[in-house]
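To start, the structure itself, in structure tokens.
Along the sequence shown, residues are numbered consecutively beginning with 1.
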Amino acid sequence: MKSEDTPFEGGPLDGRVLPVLLGMTGHPPKVYRVPVPDAAGGPPTVLVYRRVQRPPSGRFALHPGWKYAYDPAGGKGRGLKWPWSRPDPAPDRGTGKGTEHGATPTGKPDDADE
């Protein structure tokens, strides 16, 4: 398998350059997860790094390669995103107008309101 030395920015791996295996397309994976074992023997903490393009250097606009940036939120990727997939659900805004815990929105009576 082919690998490429890839720099890491932010988080505990800041400034390190690690060899990362390349995929079939010749690119490193979009998300790189590093499990860190817990000292107390609990479940490991997973550090999440996202692949970003390195800024171009010099006069020529050649692709300079990739680097990994730390994602402190550690959001889980959706996986493959196909053109026919539904969009991600909008986050709940929590307006406080009676829509919490399965309540009927105001202005729309149901059987329980009678």
Side-chain angles (χ1 to χ4, degrees):
M1 300 274 325
K2 190 172 180 183
S3 67
E4 177 179 294
D5 290 338
T6 309
F8 287 76
E9 286 187 352
L13 296 179
D14 189 26
R16 294 190 184 179
V17 178
L18 300 175
V20 176
L21 292 176
L22 302 179
M24 292 181 64
T25 60
H27 298 290
K30 290 183 181 180
V31 178
Y32 193 80
R33 291 180 175 84
V34 182
V36 178
D38 187 33
T45 303
V46 178
L47 304 174
V48 178
Y49 286 86
R50 303 231 178 252
R51 182 184 73 184
V52 294
Q53 186 174 354
R54 280 195 246 173
S57 60
R59 293 177 14 171
F60 304 110
L62 299 175
H63 187 273
W66 303 100
K67 64 181 177 180
Y68 282 104
Y70 180 62
D71 183 7
K76 296 188 178 195
R78 185 176 162 165
L80 293 175
K81 187 159 185 148
W82 300 100
W84 55 84
S85 299
R86 293 184 179 180
D88 292 332
D92 187 21
R93 303 263 188 245
T95 57
K97 299 201 182 224
T99 59
E100 296 88 48
H101 305 292
T104 305
T106 56
K108 295 182 182 177
D110 61 0
D111 294 336
D113 291 335
E114 295 177 9

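Side-chain contact between Pro28 and Leu22 is present, with heavy atoms from C-beta onward closer than 4.5 Å. In this structure, Asp38 and Pro44 have side chains that are not in contact, with every pair of non-hydrogen atoms separated by 4.5 Å or more.
Here the closest non-hydrogen pair linking Ala69 and Val52 is CB-CG2, 4.2 Å. The minimum heavy-atom distance between Ser3 and Pro19, with the atom names listed, is OG-CB, 4.2 Å. What you find for Tyr70 and Val48 is that their closest heavy atoms are CD1-O, 3.6 Å.
Without hydrogens or angle criteria, Tyr49 side chain to Leu13 main chain gives a donor-acceptor distance under 3.5 Å. A donor-acceptor distance shorter than 3.5 angstrom exists from the side chain of Arg54 to the backbone of Trp66, with no hydrogens or angles considered.
Here Thr6 contributes atom OG1 and Tyr68 contributes atom OH; the two are 6.0 Å apart, rounded to the nearest 0.5 Å. From Lys67, atom NZ reaches atom CZ of Arg51 across 13.5 Å, with rounding to the nearest 0.5 Å. To the nearest 0.5 angstrom, Arg50 atom CZ is 4.5 Å from Asp71 atom CG. Here the CG atom belonging to Leu47 is positioned 11.5 Å from the CZ atom belonging to Arg33, to the nearest 0.5 angstrom.
Taking hydrophobic clusters as Ile, Leu, Val, Met, Phe, Trp and Tyr residues chained together by side-chain heavy-atom distances below 4.5 Å, Val17 does not share a cluster with Leu21. Placement of Val31 and Val36 in two distinct hydrophobic clusters is found when ILVMFWY residues are connected by side-chain heavy-atom separations under 4.5 Å, directly or transitively.
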